[in-house]
Amino acid sequence: MSSTDSPAHSTHPVNTTTTAGTPLKADATSAHPPASSRDPTLTSNAAQGGLAAAHASPAAELASLKMKLKAALRQFPDFPAPGILFEDILPIFADVQLHEDLLRALELHVLSASTGKPDVVVGLDARGFLFGPSLALRLGAGFVPVRKQGKLPGPCETAEYVKEYGNDFFQMQADGVKKGQKVLVVDDIIATGGSASAAGTLVEKLGGIVVGYVFILELDFLKGRSKLNAPVHTLLASQEQKLGSSES
Ligand SMILES: O=P(O)(O)OC[C@H]1O[C@H](OP(=O)(O)OP(=O)(O)O)[C@H](O)[C@@H]1O
Ligand SMILES: Nc1ncnc2[nH]cnc12
């Protein structure tokens with residue numbers, strides 16, 4: 001898998017908004033890097049230059065798809081709490097072509113992984129449900145949800161976790177994953193890694209083997225991947241630091 005190992009970076013096109021308004025194109029700031037800068041996760045020079053229409057390789061196709069996906073993200077300052085720059089992935093799903101591009105990019109990413117095809121895709125409540133089942137179908141894998149506490153019937157395993165803006169409990173049904181099954185954990189965003197780490201803990205409690213984690217977007221300044229004990233694959237990376245932070 002051509003995993004994005006997310007070296008230090010800071011660049012992506014930025015749409016911001018006032019607290020209640022429509023997102024606006026913004027000037028670059030430390031928290032909102034300039035739109036013209038290159039994103040090191042977009043690795044193909046050809047794709048960056050818009051020359052990858054006829055893809056010479058899966059890597060070139062993936063680079064081209066990433067560029068389109070990244071341009072669709074929106075940022076909302078101070079949501080859901082002051083100091084949080086919220087990354088909104090929903091425009092991807094509102095557009096048929098971008099939705100298709102996302103699934104193709106994730107499929108390319110996973111199929112190039114040395115871990116091979118998983119038996120089960122585990123998606124995290126709630127945004128991991130937006131694409132987890134579709135990706136599972138493409139991979140010929142089952143889909144099993146991790147849900148917030150109190151939503152699942154029958155015997156469940158529970159894990160508490162802390163995320164970028166609060167803490168919560170996750171649950172999985174006790175028979176959701178069978179002993180020895182290979183599991184790919186997917187979610188839209190990794191921030192602190194608390195949510196994904198708790199999901200991995202639940203899978204392991206059920207006897208599953210976590211073969212990898214896949215995210216659309218990584219807030220790599222939070223170093224969430226350090227909490228995860230299996231390969232981490234992210235399509236895009238964003239945000240050098242928290243909104244309002246005085247660090248350079
Ligand atoms: O890496 P972390 O710091 O744990 O943060 C990442 C998690 O936060 C968001 O979910 P949220 O709990 O806001 O729930 P939602 O998907 O229901 O909006 C996001 O979808 C991830 O699941
Ligand atoms: N900054 C952020 N934007 C969107 N979802 C998140 N989940 C955790 N941190 C987030």
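All ligand and atom numbering here is 1-based and tracks the order in the structure. Position 1 is the first residue of the sequence; numbering continues from there. Keep in mind that what you see is a predicted model, and the values were worked out from it rather than measured.
- In this structure the side chain of Tyr213 never reaches within 4.5 angstrom of the side chain of Ile190, judged on heavy atoms.
- Side-chain contact check for Pro145 versus Phe129: some heavy-atom pair is nearer than 4.5 Å.
- Applying the side-chain contact (heavy atoms from CB on, under 4.5 Å) criterion to Gln181, with sequence neighbours excluded, gives Asp119, Val120, Val177, Lys178.
- A side-chain donor-acceptor contact under 3.5 Å links Gln75 and Glu87.
- With atom 4 (C) of ligand 2 as the reference point, the heavy atom nearest to it among Tyr165, Phe79, Phe86 is part of Phe86.
- The heavy-atom pair separating Leu69 from Ala105 by the smallest distance is CD1-CB, 4.1 Å.
- Between Leu85 and ligand 2, a contact under 3.5 Å exists for at least one N or O pair.
- Residue Leu219 touches ligand 2 through its side chain alone, judged by heavy-atom distances below 4.0 Å.
- Residues Leu102 and Phe131 meet the side-chain proximity criterion, which asks for heavy atoms closer than 4.5 Å.
- If you look at Arg127 next to ligand 2, the close heavy atoms, those under 4.0 Å, all belong to the side chain.
- By the 6.0 Å contact criterion, NZ on Lys205 is enclosed, its count of non-hydrogen atoms from other residues, nucleotides or ligands being greater than 12.
- Atoms of ligand 2 found under 4.0 Å from any heavy atom of Ala191, numbered from 1 in the order shown, are 8 (C), 9 (N).
- At a 4.0 Å heavy-atom cut-off, the residues surrounding ligand 1 are Asp125, Ala126, Arg127, Lys148, Lys163, Glu164, Tyr165, Asp187, Asp188, Ile189, Ile190, Ala191, Thr192, Gly193, Gly194, Ser195, listed by chain and number.
- Between Phe93 and His99, the ring planes are perpendicular. Angles over 60° get that label, and only those under 30° would be called parallel.
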